[in-house]
Amino acid sequence: MNENPNAAPTNFIRQIIEQDIGSGKNGGKLHTRFPPEPNGYLHIGHAKSICLNFGVARDYAGGLCNLRFDDTNPHKENMEFVQAIQADVKWLGFDWQERLYYASDYFEQLYQFAIELISKGKAYVCDLTPDEAREYRGTLTEPGRDSPFRSRAVEENLDLFKRMRAGEFKDGSRVLRAKIDMASPNINLRDPILYRVRHGVTHHQTNDAWCIYPMYDYTHPISDALEGITHSLCTLEFEDHRPLYDWVLDNISIDCHPQQIEFSRLNLQYTIVSKRKLAQLVSEGHVDGWDDPRMPTLSGLRRRGFTPASILTFCERIGVTKADNLVEMSLLENTLREDLDSRAPRAMAVLNPLKVVISNYLEGQTEHLSAANHPKDESMGSRELTFAREIYIDQEDFREEAPRKFKRLVTGGEVRLRNAYIIKCDEVIKDEAGEIVELRCSYDSETLGKNPEDRKVKGVIHWVPAAESLQAEVHLYDRLFNEPLPGSGGVDFLTQLNPDSLRTLTHCRLEPSLRDAKPGQRFQFEREGYFCVDSDTDADGKRVYNRIVTLRDSWAKIEQEAKRKG
RNA sequence: UGGGGAAUCGUCUAACGGCAGGACAACGGACUCUGACUCCGUCAAUCAAGGUUCGAAUCCUUGUUCCCCAGCCA
């Protein structure tokens, strides 16, 4: 029972950390690390890990969190990813101060520890081909067999390993393996590979200094220990690597032994959080780059208009456990709306314009009205609206015939124009095809800022002036996939892409006050949703807005229910 | 069928032998110049079966279901 509702959320990892600090383990210190591999962009699942690692460091006195690139596989890694990852972590608001590290910083030390292992007879050079090695490894239910090279003399191993480093052997011809137990029921302990040969790739940090590269299972514990990490937090799939993590540190001369603790990764409905699959979406052109606003990448969410605060709150709310999970999108959307509602200034934009001519409003006349930028936060000030004889409203807000529950404009009916007058629809004008092209309305000049006493007008719709409004392109985003868990049940996840994940509207009209809005600025377009000025917006008047998220829409529910009932 | 994990409202999560609580969702209502926000209310869970105990989500036993592992990826 949490007696203080404002207390930081707890979870089993924080409990362990608190115990360790309390008992004086690690000298009472806390030091974590966030260790991404720079082989892709960070996504919402990484945010969970970032919030955990940097979050605990922030919340406990003297706590530190390093940013460390796990860059042991130059084949897949590059500087674009290194830079994007740093930008994303910073965007979330976390700071590694001067502690930016690369596993490659430790290549020489890693090499010396390998020499130590060989000298102790705990590692050997193995000449098995990859195929042979797989065969010798055994299966999940059968033990493996010792490699014929397992009993090589220490001196020979030392000589061979040095020559591996010197570049004398081809890729795949030789590896360095730990000598543990080929019969272990834990496959990770069946003489795991420590080093492999990789010629002809330029490493983004070490260039061509090395042609042998250490494996994750060997690199990670040592990197952690060298940095004085106390708690090494990682995801569940590394749980049965932990014995190897511990073996490495137990068998070399190092005086630090971090504790690896595993938690379950985030799964979010209707999206994917797999770097491999996200990379595929990008490389095959299913989306428009890593920062496509439909992507669950941090750069995509940023471009879409998500706030860092909403992502932090989301990560708090989903918690940290060891249970598999599939979080509903509505939880993310709720934290987003909550944050946006309080901070986004309001504006009016008409997405599907329908012209309205107010017949009893003087031709050529305009008037300036004032509208609050936020209904609850006066400090956000107000802006000027231009009212005119010709305006646009949204096509969705007018119906010739409508059920009683429809509170917007109908033929012969009245509606409030938000922040302006009440109008009445007198006439519907159609083209030859029968499409509604214009409405003739009359306005009640007595209804500005006050309601009429003799009647009740319930509906309120938004509008923009026809001549003075700004043309804009608006991107409406929907879920990227049609399936809650794309790719499950052996189905190709690409076949489950939502073809309507992006709808582009090119004839939208914005209220004039949005003239100088800059990329990254967020607004609530009243009655439509939250929108963010896209980076494609330029100084020459090209305006592009991304819909971050819709408003909660109880009318849509009513309509859907009505439709369902026929 | 080897090893490692996990099972609590629809979803996420709390509980650490002592009233199964919260958030999201859903549903109903109030308010409203945003069918938004806000507020109020309702619905809703301990995988199963045994055992220990005054008392079990929690401890024990036996099952069941799900996830991860056979890359020279991380």
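Just so we're on the same page: letters track the sequence lines, and every chain starts at 1.
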Among A:R177, A:K170, A:R152, whose salt bridge (charged side-chain N to carboxylate O under 4.0 Å, His left out) with A:D127 holds?
A:R152
Closest-nucleotide 5' rank along RNA chain B - winner of A:N11 and A:D71
A:N11
By nearest atom, which of the nucleotides B:rC72, B:rG2, B:rC12 is closest to the A:M215 side chain?
B:rC72
Please verify the inter-ring angle class for A:Y245 with A:H220; under 30° counts as parallel, over 60° as perpendicular, anything in between as tilted.
tilted
Taking only side-chain nitrogens and oxygens of A:K557, does any of them come within less than 4.0 Å of OP1 or OP2 of B:rC27?
yes
Please pick, from B:rC72, B:rC73, B:rC12, the nucleotide with the shortest atom-to-atom distance to any side-chain atom of A:N325.
B:rC12
Kindly indicate, with the supporting measurements, whether the criterion salt bridge (Lys or Arg N to Asp or Glu O under 4.0 Å) is fulfilled by A:E559 and A:K405.
CA-CA 9 Å; A:E559 275 216 306; A:K405 280 185 175 172; over 6 Å; no
Let's test your reading of the model: under 3.5 Å, does the base of B:rU34 pair with the side chain of A:E528 as donor and acceptor?
no
Has A:Q560 got a side-chain N or O lying under 4.0 Å from the OP1 or OP2 atom of B:rA26?
no
Does B:rC73 have OP1 or OP2 sitting under 4.0 Å from an N or O in the side chain of A:R196?
yes
Does A:T141 make a side-chain N or O approach to OP1 or OP2 of B:rG3 shorter than 4.0 Å?
no
Minimum-distance nucleotide to A:D553 side chain [options: B:rG35, B:rC24, B:rC72]
B:rG35
Under 4.0 Å between a side-chain N/O of A:R190 and OP1 or OP2 of B:rG71, yes or no?
no
Starting from the C-alpha separation in whole Å, work towards a yes-or-no answer on ring pair (Phe, Tyr, Trp, His ring centres under 6.0 Å) for A:F481 and A:Y270.
CA-CA 5 Å; A:F481 291 91; A:Y270 298 102; 9.3 Å; no
Between B:rC19 and B:rG2 - C1' atom distance, rounded Å:
45 Å
Does a side chain donor of either A:H241 or A:D217 reach within less than 3.5 Å of an acceptor in the other side chain?
yes
Using only heavy-atom distances, decide whether a donor-acceptor pair under 3.5 angstrom links the side-chain of A:R346 to the base of B:rU34.
yes
Would you check, one step at a time, whether the test salt bridge (Lys or Arg N to Asp or Glu O under 4.0 Å) holds for A:D394 with A:R527?
CA-CA 11 Å; A:D394 199 284; A:R527 304 208 314 125; over 6 Å; no
How about A:F525 and A:F531: are their ring centroids closer than 6.0 Å?
yes
Considering only the P atoms, how many Å lie between B:rA26 and B:rC33, rounded to the nearest integer?
25 Å
Between B:rU58 and B:rA6 - C1' atom distance, rounded Å
16 Å
Rounding to an integer number of angstrom, what distance separates B:rA20 and B:rC27 when you compare their C1' atoms?
23 Å
Closer than 4.0 Å, any side-chain N/O of A:N334 to the OP1 or OP2 of B:rA25?
yes
Same-atom distance (C1') from B:rU52 to B:rG10, integer angstrom
35 Å
Taking the same atom, P, in B:rC47 and in B:rC9, what whole-Å distance lies between them?
7 Å
Ignoring backbone atoms, establish whether A:T72 has a side-chain N or O less than 4.0 Å from OP1 or OP2 of B:rA74.
yes
A:Y216 aromatic ring stacked with six-membered ring of B:rA74, 5.5 Å and 30°
no
For this output row, return yes or no: ring centroids of A:F238 and A:Y216 closer than 6.0 angstrom.
yes
Output row for RNA chain B, stems defined as at least 3 consecutive Watson-Crick or G-U pairs under 3.5 Å, is B:2-7 with B:64-69, B:10-13 with B:21-24, B:26-30 with B:38-42, B:47-51 with B:59-63
Which residue, A:P375 or A:G172, contacts RNA chain B at a nucleotide closer to its 5' end, judged by nearest heavy atom?
A:P375
Regarding B:rG35, can its base be found pairing with the side chain of A:R552 as donor and acceptor, where the two atoms are less than 3.5 Å apart?
no
B:rG10 base / A:E328 side chain donor-acceptor hit below 3.5 Å:
yes
What distance, rounded to whole Å, do you find between the two P atoms, one in B:rG5 and one in B:rU61?
15 Å
Quick check on B:rU13: is either OP1 or OP2 less than 4.0 Å from any side-chain nitrogen or oxygen of A:T321?
yes
Would you say A:R177 places a side-chain N or O within less than 4.0 Å of OP1 or OP2 belonging to B:rC72?
no
Can we call the ring centroids of A:F161 and A:Y124 under 6.0 Å apart?
no
If we ignore angles and hydrogens, is there a donor and acceptor under 3.5 Å between the side chains of A:D339 and A:T307?
yes
Parallel, tilted or perpendicular: which one describes the rings of A:F387 and A:Y443, with boundaries at 30° and 60°?
tilted
Looking only at side-chain N and O atoms, does A:R317 come under 4.0 Å of OP1 or OP2 in B:rU13?
no
Tell me whether the side-chain N/O atoms of A:R408 come closer than 4.0 Å to OP1 or OP2 in B:rC33.
no
Under 3.5 Å, N/O pairs linking protein and nucleotides 63-68 of chain B:
| unit_1 | atom_1 | unit_2 | atom_2 | d |
| --- | --- | --- | --- | --- |
| B:rC67 | O4' | A:D324 | OD2 | 3.1 |

Distance between the C1' atoms of B:rU11 and B:rA25, in whole angstroms?
7 Å
